Amino acid sequence: MNRKKEIIVGFVVGIIANTMGTLLYILLFSDLGIVETFNAAVKQGHIGSLLALGAILNLIAFFGFLRLKRDYRARGVMIATLLTALIILYYKITG
């Protein structure tokens, strides 16, 4: 695969890992449902923290790709993580 496709695959894996990490955190540690927890986090200004905790799974994807010598996929995961960081920054500034 060429470099651009590898980076896109890594980016998609990073977004999926972040989403799954956020959902897993909500399911394990929240008494409310997924939508209710997300809405409560937005209202209380904790959405950035929720997204940051979900991004922990990106570490596994990132280092997994590095271990498999898939550097461009790891780069895509890093881009997804940076996008998440910018979203968290947006919520911190506006919220």
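Remember, it's a predicted structure, so these values are computed and weren't measured experimentally. Nothing fancy with the numbering, it's 1 onward along the sequence.
In terms of the side-chain hydrogen bond (donor to acceptor under 3.5 Å, both in side chains) criterion, residue partners of S30 (sequence neighbours excluded) are, by chain and number, T37. Residues satisfying the ring-ring contact (aromatic ring centres under 6.0 Å, His included) test with F38, not counting sequence neighbours, are none. Contacts of Y72 classified as side-chain hydrogen bond (donor to acceptor under 3.5 Å, both in side chains), with partners at least two apart in sequence or in another chain: R3. Here I87 pairs with L51, L83, Y91 under the side-chain contact (heavy atoms from CB on, under 4.5 Å) rule; sequence neighbours left out.
Atom CG of D71 and atom CE of M78 lie 11.5 Å apart (nearest 0.5 Å). The distance from atom CZ of R73 to atom CZ of F65, rounded to the nearest 0.5 Å, is 5.5 Å.
Under the 4.5 Å side-chain heavy-atom criterion for Ile, Leu, Val, Met, Phe, Trp and Tyr, F29 and L53 are members of the same hydrophobic cluster.
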Show the atom names and distances, to 0.1 Å, of all donor-acceptor pairs under 3.5 Å that link a side chain in residues 8-28 to residues at least two apart or in another chain.
from	atom 1	to	atom 2	distance (Å)
N18	OD1	A55	N	3.3
N18	ND2	T84	OG1	2.7
T19	OG1	I15	O	2.9
T22	OG1	N18	O	3.0

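Screening residues 48-68 for side chain to side chain donor-acceptor pair (under 3.5 Å) gives N58-T81 as the qualifying pairs, with residues at least two apart or on separate chains.
Distance alone, capped at 3.5 Å, is enough to place a donor-acceptor pair between the E36 side chain and the G33 backbone.
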